[in-house]
Amino acid sequence: MNREEMFAQVKKVLTPHRYQHTIGVWQTAVRLAERYGADVEKAEAAAIFHDYAKYRPEGEMRKLIETVREIPNDLVEYNKELWHAFVGAYVVKHEVGLQDEEVLAAIRYHTTGRTGMTPLEKVVYLADYIEPGRSFPGVDDVRRTAEEDLDRAVYMALERTIRFLEERGEKVYPLSRAAYEDLKIKEESHGDSGPS
């Protein structure tokens with residue numbers, strides 16, 4: 001499947017606004033992949049399909065989470081915004097036919113992160129956070145950092161996401177906290193206590 005075919009596929013299942021977001025994520029992911037040595041073609045595919053399941057009915061996603069072994073069942077206890085990433089990796093594999101496990105992992109973890117993220121996963125996670133259409137306090141700091149240090153930018157994005165959820169009284173998914181702690185150790189090992 002070439003790029004145009006991938007975009008045509010996702011355009012059918014996204015709103016116009018979400019489709020524009022996807023274009024922004026794709027552009028950002030390609031730039032970051034080139035900068036940090038991730039596979040550009042895989043970054044393209046993961047970025048284009050990252051929100052493929054975003055608008056699936058809640059009941060359908062819940063059923064998949066509860067019945068498909070490769071999707072963690074505990075997701076149903078957390079914010080529904082996380083569901084589409086794991087469900088997306090599954091439906092992209094089984095409905096679209098994309099079989100590349102690295103691409104599927106980048107789709108699966110683009111909302112949560114995880115311990116030991118690959119460069120490709122970091123690129124897609126960060127591209128989703130900083131694409132040009134995003135506008136929220138602190139995003140420009142992360143954008144600037146992304147130009148210099150991929151790990152530090154992902155660390156900043158995770159830290160801010162966790163703080164945002166905690167301030168709203170929402171539960172933080174364990175993979176996100178583990179990803180944050182993993183990168184925090186790396187930040188501190190470089191003699192830096194991380195962003196303030």
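Because the structure is a prediction, the values reported are computed rather than measured.
Contact check for F49 versus Q9: side-chain heavy atoms found under the 4.5 Å cut-off. Put simply, the side chain of V142 reaches to within 4.5 Å of the side chain of Y129, judged on heavy atoms. Two residues are said to be in side-chain contact when any heavy atoms from C-beta on lie closer than 4.5 Å; P132 and T28 meet this criterion. Side-chain contact between E166 and I162: present, with at least one pair of heavy atoms (C-beta onward) separated by less than 4.5 Å. No side-chain heavy atom of R3 sits under 4.5 Å from any side-chain heavy atom of E41. Proximity of R108 to E101: side-chain heavy atoms (C-beta onward) are separated by under 4.5 Å at one or more points.
We find that E81 and K54 are joined by a salt bridge, their nearest charged nitrogen and carboxylate oxygen being less than 4.0 Å apart. No salt bridge links K63 with E58; every basic N to acidic carboxylate O contact stays at or beyond 4.0 Å. Checked for salt-bridge contact, R114 and D182 miss the test: no charged N lies under 4.0 Å from a carboxylate O. Salt bridge absent: E5 and K12 never bring a charged side-chain N and a carboxylate O closer than 4.0 Å. A salt bridge does not link E159 with K184: every distance from a Lys NZ or Arg NE/NH1/NH2 to an Asp or Glu carboxylate oxygen is 4.0 Å or more. E147 has no carboxylate O lying under 4.0 Å from a charged side-chain N of R143, or vice versa, which leaves the two without a salt bridge.
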task = Before giving the answer on side chain to side chain contact (heavy atoms under 4.5 Å, CB included), spell out for V91 and V96 the whole-Å C-alpha distance, their side-chain angles and the decisive distance to 0.1 Å.
result = CA-CA 7 Å; V91 297; V96 178; over 6 Å; no
message = Before you tell me yes or no, could you show the steps for R56 and E95 under salt bridge (charged side-chain N to carboxylate O under 4.0 Å, His left out), namely the whole-Å CA-CA distance, both residues' side-chain angles and the distance that decides it to 0.1 Å?
response = CA-CA 13 Å; R56 294 284 170 130; E95 294 179 10; 2.6 Å; yes
key: V124 and I107: CA distance, side-chain angles, deciding distance, side chain to side chain contact (heavy atoms under 4.5 Å, CB included) verdict   = CA-CA 8 Å; V124 176; I107 295 169; over 6 Å; no
request  = Assess whether side chain to side chain contact (heavy atoms under 4.5 Å, CB included) is satisfied between F7 and I23, documenting all intermediate values.
outcome  = CA-CA 9 Å; F7 270 118; I23 292 171; 4.0 Å; yes
message = Before you tell me yes or no, could you show the steps for D74 and Y173 under side-chain hydrogen bond (donor to acceptor under 3.5 Å, both in side chains), namely the whole-Å CA-CA distance, both residues' side-chain angles and the distance that decides it to 0.1 Å?
response = CA-CA 9 Å; D74 66 347; Y173 195 61; 2.7 Å; yes
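From Y55, atom OH reaches atom CE of M61 across 10.5 Å, with rounding to the nearest 0.5 Å. The distance from atom CD1 of I65 to atom OH of Y78, rounded to the nearest 0.5 Å, is 13.0 Å. One finds the CG atom of L165 at 9.0 Å from the CZ atom of R177 (value rounded to the nearest 0.5 Å).
For the residue pair A43 and V123, the shortest heavy atom distance occurs at CB-CG1, 4.4 Å.
A side-chain donor-acceptor contact under 3.5 Å links T145 to the backbone of D141. Judged by distance alone, with hydrogens and angles left aside, the side-chain atoms of K171 form no donor-acceptor pair with the main-chain N or O of N79 at under 3.5 Å. For E131 (side chain) and Q27 (main-chain N/O), no donor-acceptor pair under 3.5 Å exists by modelled atom type. Looking only at distances, no side-chain donor or acceptor of Y109 sits under 3.5 Å from a matching main-chain atom of F86. The backbone N or O of E187 lies less than 3.5 Å from no partner atom in the side chain of D151, so there is not a single donor-acceptor pair. Between the side chain of W83 and the backbone N or O of L75 there is at least one donor-acceptor pair closer than 3.5 Å.
Checked options H84, H50, E121; the residue passing with H110 is H84 (criterion: side-chain hydrogen bond (donor to acceptor under 3.5 Å, both in side chains)).
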